[in-house]
Amino acid sequence: MMTYIVFILSVIFVMGFVGFSSKPSPIYGGLGLIVSGGVGCGIVLNFGGSFLGLMVFLIYLGGMMVVFGYTTAMATEQYPEVWVSNKVVLGTFITGLLMEFLMVYSVLKDKEVEIVFKFNGMGDWVIYDTGDSGFFSEEAMGIAALYSYGTWLVIVTGWSLLIGVVVIMEITRGN
Amino acid sequence: MSLVYMNIMMAFTVSLTGLLMYRSHLKSSLLCLEGMMLSLFILATLMILNSHFTLASMMPIILLVFAACEAALGLSLLVMVSNTYGTDYVQNLNLLQC
């Protein structure tokens, strides 16, 4: 079972996505996105990307979802809709789950699924190895190259974040 | 191509479908947009880690920066709509009458 742990985590990922795409009240949608974010971090960690997994938790969940939670608390209604309180939401959720399980079943039966690409199950536990990378983590070195090869990228993103802040202050000024 | 990619592309498609079909709240569509960004981040990270393309490891971080910008802008628009109408229901946005 442990060789298929990445596949199981990705199935839970899709189930979390169906959970907020069926659009219950936004606070429960945020809960589904937090679950999906945590499971996505687990998938990235299984491929050896520890820094990028930490980025998902810290920046994505800890930054963006907290802001979403606060604005939801501001603009919410008195009795938020949960998944079972509305037939449309429940029906969409069950249809999405059914679609995912049918796809998993067809994968388990045929060992191969063709949608646009040809997906086969053989590559899940094989990680292509291009040789010894020494004592450092390749991914951390690639991200550290952001400050040497990617200086212009840092300048552009920093400037666009500053302009974003100014735009938001202009929008929320009102009148 | 391995099966994990199929599931993550499926998650992206589910979130895209959720974005395009409104219900009552505008906030739910913004959440689906965030879900699309998350699935793109995970997909890019997995492909980059699997092919040992070291120098491209900075790309998911830059994607996350621009996704944060976009989420903040969307939320500020939502806050202004909520200040004007009291809630963020989509049916309130009906100034265009043609």
Side-chain angles (χ1 to χ4, degrees), chain A residues 6-7 10-11 13-14 17-18 20-21 23 26 29-30 33 36-37 40 43-44 47-49 52 55-56 59-60 63-64 67-68 71-72 74-75 77 96 100 103 107 113 115 117-119 121 123-124 127-128 130 138-139 141-143 145-146 149-150 153 157 160-161 164 167-168 171-172, chain B residues 1-12 14-15 17-19 21-25 27-32 34-35 37-39 41-42 45-46 48-58 60-62 64-69 71-73 75-80 82-83 87-88:
Chain A
V6 181
F7 184 62
S10 65
V11 170
F13 189 71
V14 177
F17 265 59
V18 170
F20 70 79
S21 284
K23 295 208 192 41
L33 194 55
S36 289
I43 298 175
V44 168
F47 274 74
L52 285 169
M55 282 274 300
V56 170
I59 310 296
Y60 194 82
M64 291 158 67
V67 172
F68 256 93
T71 51
T72 309
M74 196 191 70
E77 58 217 357
E100 174 63 19
M103 188 166 286
V107 154
V113 166
I115 305 181
F117 301 99
K118 216 178 234 334
F119 299 104
D124 260 348
I127 304 228
Y128 300 105
T130 55
E138 287 180 349
E139 165 226 13
M141 293 301 119
I143 294 169
L146 187 59
Y149 288 102
L153 208 52
T157 50
S160 73
L161 277 176
V167 165
I168 288 175
I171 289 176
T172 51
Chain B
M1 198 164 294
S2 65
L3 284 175
V4 189
Y5 298 139
M6 173 193 86
N7 271 328
I8 301 199
M9 289 184 197
M10 176 65 53
F12 178 79
V14 161
S15 206
T17 316
L19 174 68
M21 300 201 287
Y22 288 170
R23 273 191 73 229
S24 40
H25 280 275
K27 190 66 168 302
S28 315
S29 299
L30 281 182
L31 267 174
C32 288
E34 285 313 303
M37 286 295 142
L38 178 67
S39 70
F41 177 91
I42 304 282
T45 307
L46 292 187
I48 288 168
L49 283 173
N50 215 1
S51 57
H52 290 277
F53 188 3
T54 310
L55 207 55
S57 303
M58 59 175 93
I61 295 180
I62 304 296
L64 215 57
V65 167
F66 287 119
C69 259
L73 261 165
L75 279 175
S76 75
L77 288 173
L78 190 105
V79 160
M80 289 315 285
S82 176
N83 274 350
T87 54
D88 63 336

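We name chains A, B, ... by the order of the sequence lines, and we start the count at 1 in each one.
- Across every non-hydrogen atom of B:Leu31 and A:Pro26, the tightest pair is CD1-O, 3.5 Å.
- To the nearest 0.5 Å, atoms CD1 (B:Ile8) and CZ (A:Phe17) are separated by 8.5 Å.
- The choice from B:Ser39, B:Ser82, B:Ser24, B:Gly35 that makes the most heavy-atom pairs within less than 4.5 Å of chain A is B:Gly35.
- Interface residue A:Ile59: only side-chain heavy atoms are found under 4.5 Å from chain B.
- Within the 4.5 angstrom heavy-atom criterion, atoms from both the backbone and the side chain of B:Ala72 approach chain A.
- Counting heavy-atom pairs closer than 4.5 Å to chain A, the top residue among B:Ile62, B:Ile42, B:Val79, B:Leu46 is B:Leu46.
- Pairing each heavy atom of B:Val4 with each of A:Val6, the nearest pair is CG2-CG1, 3.5 Å.
- Remark: A:Met64 CE to B:Leu64 CG distance equals 6.0 Å, nearest 0.5 Å.
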Q. Checking side-chain contact (heavy atoms from CB on, under 4.5 Å) for the pair B:Met6/A:Val107: CA distance, chi angles, key distance, verdict?
A. CA-CA 10 Å; B:Met6 173 193 86; A:Val107 154; 4.0 Å; yes
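- Among A:Gly40, A:Gly142, A:Gly30, A:Gly48, the residue making the largest number of heavy-atom pairs under 4.5 Å with chain B is A:Gly142.
- If you measure heavy-atom distances from A:Val11 to chain B, the contacts under 4.5 Å come from both the backbone and the side chain.
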Q: Begin from the C-alpha positions of B:Leu30 and A:Phe68 and carry the test side-chain contact (heavy atoms from CB on, under 4.5 Å) through to its verdict.
A: CA-CA 9 Å; B:Leu30 281 182; A:Phe68 256 93; 3.9 Å; yes
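- With a 4.5 Å cut-off on side-chain heavy atoms, B:Asn83 and A:Thr172 do not count as touching.
- Here the CG atom belonging to B:Leu49 is positioned 5.5 Å from the CD atom belonging to A:Glu139, to the nearest 0.5 angstrom.
- Across all non-hydrogen atoms, the minimal contact from A:Leu161 to B:Cys69 is CD2-SG, 3.4 Å.
- Rounding to the nearest 0.5 angstrom, the gap separating the CG atom in B:Leu55 from the CD1 atom in A:Ile143 is 11.0 Å.
- In terms of heavy-atom pairs under 4.5 Å with chain B, the best-connected choice from A:Gly164, A:Gly37, A:Ser21 is A:Ser21.
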Q: For A:Lys23 and B:Cys32, run side-chain contact (heavy atoms from CB on, under 4.5 Å): C-alpha distance rounded to whole Å, both residues' side-chain angles, the deciding distance at 0.1 Å, then the answer.
A: CA-CA 9 Å; A:Lys23 295 208 192 41; B:Cys32 288; 4.3 Å; yes
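- Scored by the side-chain hydrogen bond (donor to acceptor under 3.5 Å, both in side chains) test, B:Lys27 finds A:Thr71, A:Thr72 as partners (sequence neighbours excluded).
- Heavy-atom minimum distance, B:Ala11 versus A:Val14: CB-CG2, 4.1 Å.
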Q) Taking it one step at a time, do A:Phe13 and B:Leu38 satisfy side-chain contact (heavy atoms from CB on, under 4.5 Å)? A) CA-CA 11 Å; A:Phe13 189 71; B:Leu38 178 67; 4.1 Å; yes
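- Taking the side chain as every heavy atom from C-beta outward, B:Thr45 and A:Phe47 never approach each other to under 4.5 Å.
- Using a 4.5 Å cut-off between heavy atoms, A:Phe20 contacts chain B through both its backbone and its side chain.
- For CE of A:Met141, the number of neighbouring non-hydrogen atoms (other residues, nucleotides, ligands) closer than 6.0 Å is greater than 12.
- Ranked by heavy-atom pairs under 4.5 Å with chain A, the first of B:Ser29, B:Ala68, B:Ala67, B:Ala56 is B:Ala68.
- For B:Phe53, no part lies under 4.5 angstrom from a heavy atom of chain A.
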